[in-house]
Amino acid sequence: MGFIGTGSIGGTIARLAVAAGHQVVLSNSRGPGSLADTVAELGPRASAAASEEAAAAGDIVVVTVPVTAFPDVPAAPLAGKTVIDTCNYGPERDGHIPELDGTSLTSSELLLRYVPDAMLVKAFNNIYFKHLLSLARPAGATDRSYLPIAGDSAPAKAAAAEFIDSIGYGVVDAGLLADSWRQATGTPVWGTPYGPPSNEMGRPTGAGAIRAALATATRQSHEDSTTTST
């Protein structure tokens, strides 16, 4: 598993991946040296590298960066690979991005413009990182939680689902990348099914609840939202 970005979500996925027996290669915008403590915590299955090296090393690569960093994601080493996109667009944090302010393009479709030969799968963008860590359950557990995934490549979705299963979650197919707005920030499936952030253990959420939340989503324009810096 390669990681481009190792923030709260990326670091949590890496932690679950190591626990499941995967090798992980981490990267971020500050360079491998800044990840020394994380690598030491994760143990011998973890290493750090430049983003191009992490992208090249991974059979599956997780991209977990701000939307404004999409132009910096290395395209060449991601060609032909399953790439899991965890990113969310928020004008209050990212500033307004004209392509995403309307309702014609999802953030995953924008990322695909920068990595056109990758096989993108949207996943992990709808769950609080502490819930992601605490709700992981083995296959067959009665209280296993589910995550929505969206993508245009059936083989990539299958590969992502297999990985997600290995770290403790089932998946609900949420459609194509063009449909991934249904799991974007502020939609019914974003955060709410798993409980409030104040409950760090979260609430187990089955496939039916995820499907129902996806079905009730309505698409919102960001064109009239106010830009603030955080």
Side-chain angles (χ1 to χ4, degrees), residues 1-7 9-10 13 25-30 49-126 147-161 163-164 171 173-187 189-190 214 217-225 227:
M1 297 295 300
F3 286 80
I4 299 174
T6 313
I9 283 288
I13 298 169
V25 182
L26 310 177
S27 72
N28 65 16
S29 60
R30 298 182 298 280
S51 59
E52 292 83 358
E53 295 167 327
D59 298 313
I60 296 175
V61 179
V62 178
V63 173
T64 175
V65 299
V67 172
T68 51
F70 283 179
D72 302 322
V73 175
L78 297 179
K81 291 191 176 184
T82 295
V83 175
I84 297 176
D85 164 26
T86 79
C87 310
N88 284 313
Y89 171 54
E92 70 286 348
R93 179 196 60 215
D94 303 316
H96 280 278
I97 298 174
E99 298 96 325
L100 299 180
D101 278 340
T103 58
S104 62
L105 197 72
T106 66
S107 62
S108 287
E109 290 174 304
L110 179 62
L111 176 57
L112 191 61
R113 292 183 176 181
Y114 292 100
V115 291
D117 297 318
M119 298 185 293
L120 283 190
V121 179
K122 190 75 165 191
F124 297 112
N125 70 304
N126 74 308
L147 300 170
I149 66 170
D152 298 339
S153 165
K157 286 165 100 170
F163 169 68
I164 292 168
V171 302
D173 191 329
L176 303 174
L177 290 181
D179 303 313
S180 61
W181 62 267
R182 291 186 175 276
Q183 63 199 73
T185 305
T187 60
V189 83
W190 185 76
L214 290 167
T218 56
R219 196 163 191 179
Q220 302 295 320
S221 170
H222 295 282
E223 290 175 338
D224 298 325
S225 60
T227 303

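This is a predicted model, so every value here is computed, not measured.
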- Note on the structure: In this structure, CG of Asn28 is separated from OG of Ser51 (nearest 0.5 Å) by 9.0 Å

- Message: Side chains of Val63 and Val115, heavy atoms from C-beta outward: is any pair under 4.5 Å?
- Response: no

- Separation of Trp181 CH2 from Thr218 OG1 (nearest 0.5 Å): 6.5 Å

- Item | Least distance between heavy atoms, Ala161 atom then Val171 atom | CB-CG2, 3.8 Å

- Query: Which atoms form the tightest heavy-atom contact between Cys87 and Ser107, and what is the distance?
  - Reply: O-OG, 3.8 Å

- With a 4.5 Å limit on heavy-atom distance, are the side chains of Thr106 and Arg219 in contact? yes

- Note on the structure: What one should report as the nearest heavy-atom pair of Ala123 and Ile84 is CB-CG2, 3.9 Å

- Backbone of Asn125 reached by a side-chain donor or acceptor of Asn88 within 3.5 Å: yes

- Do the side chains of Met119 and Val121 get nearer than 4.5 Å, heavy atoms only? no

- Any donor-acceptor N or O pair under 3.5 Å, side chains Asp101, Tyr89: yes

- Does any non-hydrogen side-chain atom of Leu147 lie less than 4.5 Å from one of Ile164? yes

- Query: Restricting to pairs with a member in residues 51-75, which pass salt bridge (Lys or Arg N to Asp or Glu O under 4.0 Å), not counting sequence neighbours?
  - Reply: none

- Validation row: Ser104, Glu109 side chains within 4.5 angstrom (heavy atoms): no

- Hey, is the main chain of Leu177 close enough, under 3.5 Å, to the side chain of Asp152 for a donor-acceptor pair? yes

- For Ala55 and Val61 the tightest heavy-atom approach is O-CG2, 3.5 Å

- Query: Which heavy-atom pair separates Thr187 from Arg182 by the least distance, and what is that distance?
  - Reply: OG1-O, 3.2 Å

- Those residues that, when tested against Thr6, pass side-chain contact (heavy atoms from CB on, under 4.5 Å) (two or more places apart): Phe3, Leu26, Leu35

- Task: Spell out, as yes or no, whether a donor-acceptor pair under 3.5 Å connects the side chain of Lys81 to the backbone of Ala56.
- Result: yes

- Message: Contact between Val67 and Leu100 at the side-chain level, heavy atoms closer than 4.5 Å - yes or no?
- Response: yes

- Contacts of type side-chain contact (heavy atoms from CB on, under 4.5 Å), residue Ala159, not counting sequence neighbours: Ile60, Thr82

- Task: Considering non-hydrogen atoms only, spot the tightest contact between Gln183 and Pro148 and give its length.
- Result: NE2-O, 3.4 Å

